[in-house]
Amino acid sequence: LKPFWSKLCQQVCIRNVETMLDADEESEHPPHGTRPRRRCLIAGLVCSAITAAILLVALIGLLFRRSQPHEIRPKSLIFMLSDGMGPEIVTAARHYKNALDPAGQTINQNGVFIGMGDDLRGRQLPADEILVGTVQTRSANSHITDSAAASTAYSCASRTNNYWIAKQPASASIVPPWNESDGIVCKTILEKAKEQGYRTGVVVTSRFMHATSAGFISHTVDRHKENEIAYQAIEITQPDVIIGGGSRHLLPQNTTGSRRKDDWDGFASAAARGYKVIRTEAQYLDFLNRGTGTGNSWEPPEKCQKLLLVDALSHRPYEIDRKDSRLPSLSESMRLAIKVLQSCGQPYFMLMEASRIDHALHENDVTTAIRETLEYNKAIGDAIIPNIASDTLVVGSSDHSTGGLSLGLSTAGVYPSIPVVSYAWYPEVLNGQKASVAEGMFHGLTEQSYLQAGGSITFEAFVDKVKQHVTLPEKVRFPPNKLMLTQFDPTVWLEKDFAPMKEQLANFLAHECPAGSILGCEGSVVIEEASTSNENSGASGFKVAIGRMLANKAYVALSTRGPTSVDVNLYCYAPPGMMSCYDLGFKGNMPNYMVGHRMAEALGLTGDLVLTKWDDGVGPVKQADASGHRDIG
């Protein structure tokens, strides 16, 4: 206000002086400008008084602010990484949620839906409430990052090559194939926190040795060395809490389900190091029952306990497939982890990864990705914000977007008789899907089961399977126009809906299975194994065709099975009394590695990122290699 009043006062005086001069020129006997001078004097006095009052108010405000307790810096930090979650799937999840819940809709006098009203409570997702900016995604060697390089950007505050885990290139001239000696280890924020006496934790819905979480607890130039990553996590990094899947990389060789090539037993090693090991539903429920209270009032049976909860051989089930499982969801896992870490009274750093948004979008399974996104939001709203202490900062972002999702579909080639511009998409259609395409819809689909039934699977059998798990809505909020209905109806299955899927199956049979049977390609399990390992297999093309067919029925399109380079959302929540997210630097648009730097800075953990160079047998994994436990296969 001060500049405003100063300028106003100047203008008043100038105009009065101009009036005085004009009067002097026009009058033969000028009155020496008595009135203009008086006006200028009065205006000056008034403006000076107002300026003094403004300054007084500002001084009182400053003194009052200084008398208040200083805002505290964060002592603990939770980083929420939503793998594959671009802004497109967030929008889809919000539309999906609101389509299911008509409460609060605004209808005009003619019965037409015109909005959700002014009250956004319940209409927004929990993550929407803490959106503070966007993040640029790329790696050191590509405009499109993979999860490993993105994880390293966040954990080490430095970009690296795709596939690299918490290591930086020793030279700009190195090219694939890479050796471990080509990289320099960067100390992750989790490792730095542990050195400073913090408790640490990792909670994921994938295998915990998968690329994203691996970027905080291990070091390698190859994200696929999951046996090695598991060994480093248990034997070297030792986070106080580990919750996720991946027991196949902890079981010694020759054990059912094991993927190891040595006799190292990760569960036995963890128990020897003081971890409470939980592998089954019964063990989990027993642990809960030995604690006190329920829900957000639950407290663990012992303080300062270390916890290893690995409840799946590979990735943990998709949320849409959990059904009646009593094993913890992501939100329940986060509540458990926060309680265990906070029980010590020490500061902590924890990574939470909503891993399987990415997996579902790799499979072009939009409904399953939406359900994973909603569970991520439930973790924020129901588990994290209600349970953290007042000195805990929450930061969230994604490694990249996946799938090239478009909420709206050009109909050319899918429904050729419909106008290309349709201005439509139907979240209600996706709500009718009751299982993931890869793991729920085709669970147990094996070569043996169909051979026992008298032959290989047919296209019609796949169509029947889809219809068993997808119920189309009786109506949609915004029905198609009459021209569209002649070729497309979101409430009725049409033969043309399955045409692209049939074409993909024919292509698959011709090129990937010369024997003419979808079964027997890449092993006995057709779709189940392809998804649980998130690796390509013979059935993957057909599996994706089903996902895209269901998406097209909802007027949703996907452009790729891989990541994209679009910016992703940045989230931040600082409890009342803490320095604001804005003051801590979480605002606007920034590169991914800057988010990592800001997190380390918030906890006072900045410093030299380089731990040691990988040569001459130094470095933690080289020592592990010398002990005979390293598995590079």
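Remark: side-chain polar atoms of Asp497 are paired, donor with acceptor, to backbone N or O of Leu494 under 3.5 angstrom. Side-chain atoms of Asn431 do not come within 3.5 Å of backbone N or O of Pro427 as any donor-acceptor pair. With Lys339 contributing its side chain and Asn296 its backbone, the two residues share a donor-acceptor pair below 3.5 Å. Side chain of Ser436 to backbone of Glu439: a donor-acceptor contact under 3.5 angstrom is found. With hydrogens and angles ignored, the 3.5 Å screen pairs no side-chain donor or acceptor of Ser155 with any backbone N or O of Phe216. A donor-acceptor pair is defined here as one N or O able to donate and one able to accept, closer than 3.5 Å; no such pair exists between the side chain of Asn364 and the backbone of Gly403. Distance alone, capped at 3.5 Å, is enough to place a donor-acceptor pair between the Arg260 side chain and the Asn227 backbone. No donor-acceptor pair under 3.5 Å is formed between the side chain of Thr564 and the backbone N or O of Gly404. No side-chain donor-acceptor contact under 3.5 Å links Lys306 to the backbone of Ala271. The main-chain N or O of Asn387 is found under 3.5 Å from a side-chain atom of Gln342 such that the two form a donor-acceptor pair.
Taking a cutoff of 4.0 Å between a charged side-chain nitrogen and a carboxylate oxygen, Arg322 and Glu319 qualify as a salt bridge. Ionic pairing of Glu375 and Arg356 is not present here: no N-O contact between side-chain nitrogen and carboxylate oxygen is shorter than 4.0 angstrom.
No side-chain donor-acceptor contact under 3.5 Å links Ser331 and Asp382. With hydrogens and angles left out, the side-chain atoms of Arg223 and Ser151 include no donor and acceptor closer than 3.5 Å. Side chains of Asp365 and Gln433: a donor-acceptor N/O pair is present below 3.5 angstrom, by distance only. Residues Thr220 and Asp222 have side chains that never bring a donor and an acceptor to within less than 3.5 angstrom of each other. A donor atom on one side chain and an acceptor atom on the other are found under 3.5 Å apart for His400 and Thr402. A donor-acceptor contact under 3.5 angstrom links the side chains of Arg207 and Ser314, judged on distance only.
Aromatic ring pairs are classed by plane angle as parallel below 30°, tilted from 30° to 60° and perpendicular above 60°; the pair His224 and Tyr163 is tilted.
Between atom CD1 of residue Ile338 and atom CD1 of residue Ile78 there is a gap of 4.0 Å, rounded to the nearest 0.5 Å. Of the inter-residue distances, the one linking Leu308 atom CG with Lys276 atom NZ reads 11.5 Å to the nearest 0.5 angstrom. Distance check: Met352 CE to Phe79 CZ gives 10.0 Å after rounding to the nearest 0.5 Å. A distance of 9.5 Å separates CE of Met590 from OG of Ser397, quoted to the nearest 0.5 Å. Separating the CD1 atom in Ile388 from the CG atom in Leu341 is a distance of 13.0 Å, to the nearest 0.5 Å. If you take CD1 on Ile384 and OH on Tyr376, they are separated by 7.5 Å, rounding to the nearest 0.5 Å.
A cation-pi arrangement is not found for Arg598 relative to Phe586, the charged atom failing to lie both closer than 6.0 Å to the ring centre and inside a 45° cone about the ring normal.
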Applying side-chain contact (heavy atoms from CB on, under 4.5 Å) to Met441 and Leu550, what does each step give before you reach the verdict? CA-CA 13 Å; Met441 206 173 289; Leu550 295 174; 4.3 Å; yes

Going through the distances and angles, do Val466 and Phe498 end up as a side-chain contact (heavy atoms from CB on, under 4.5 Å)? CA-CA 10 Å; Val466 169; Phe498 296 95; 4.3 Å; yes

Start with the C-alpha gap between Glu363 and Ile546, add the side-chain angles, then the distance that decides, and say whether side-chain contact (heavy atoms from CB on, under 4.5 Å) holds. CA-CA 9 Å; Glu363 295 159 356; Ile546 298 171; over 6 Å; no

Asp83 and Val204: side-chain contact (heavy atoms from CB on, under 4.5 Å), yes or no, with the steps? CA-CA 10 Å; Asp83 200 320; Val204 300; over 6 Å; no

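The side chain to side chain donor-acceptor pair (under 3.5 Å) check on Ser139 picks up Asn141, Asn162, with sequence neighbours excluded.
The shortest distance between side-chain heavy atoms of Val310 and Phe267 falls below 4.5 Å. Side chains of Val470 and Thr367 form no contact here, defined as non-hydrogen atoms less than 4.5 Å apart.
A pairwise comparison of heavy atoms in Ala270 and Val277 identifies CB-CG2, 4.3 Å as the closest pair. Closest non-hydrogen pair, Ile144 versus Ser565, comes out as CG1-CB, 3.8 Å. For the pair Ile380 and Pro386, the tightest heavy-atom approach, listed with the atom from each and the gap, is O-CD, 4.1 Å. A pairwise comparison of heavy atoms in Leu125 and Ala93 identifies CD1-CB, 4.3 Å as the closest pair.
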Between side-chain atoms of residues 567-575 and protein atoms elsewhere (two or more places apart, or another chain), which donor-acceptor pairs fall under 3.5 Å?
from   : atom 1 : to     : atom 2 : distance (Å)
Asp567 : OD2    : Asn589 : ND2    : 3.0
Asn569 : ND2    : Tyr571 : OH     : 3.0

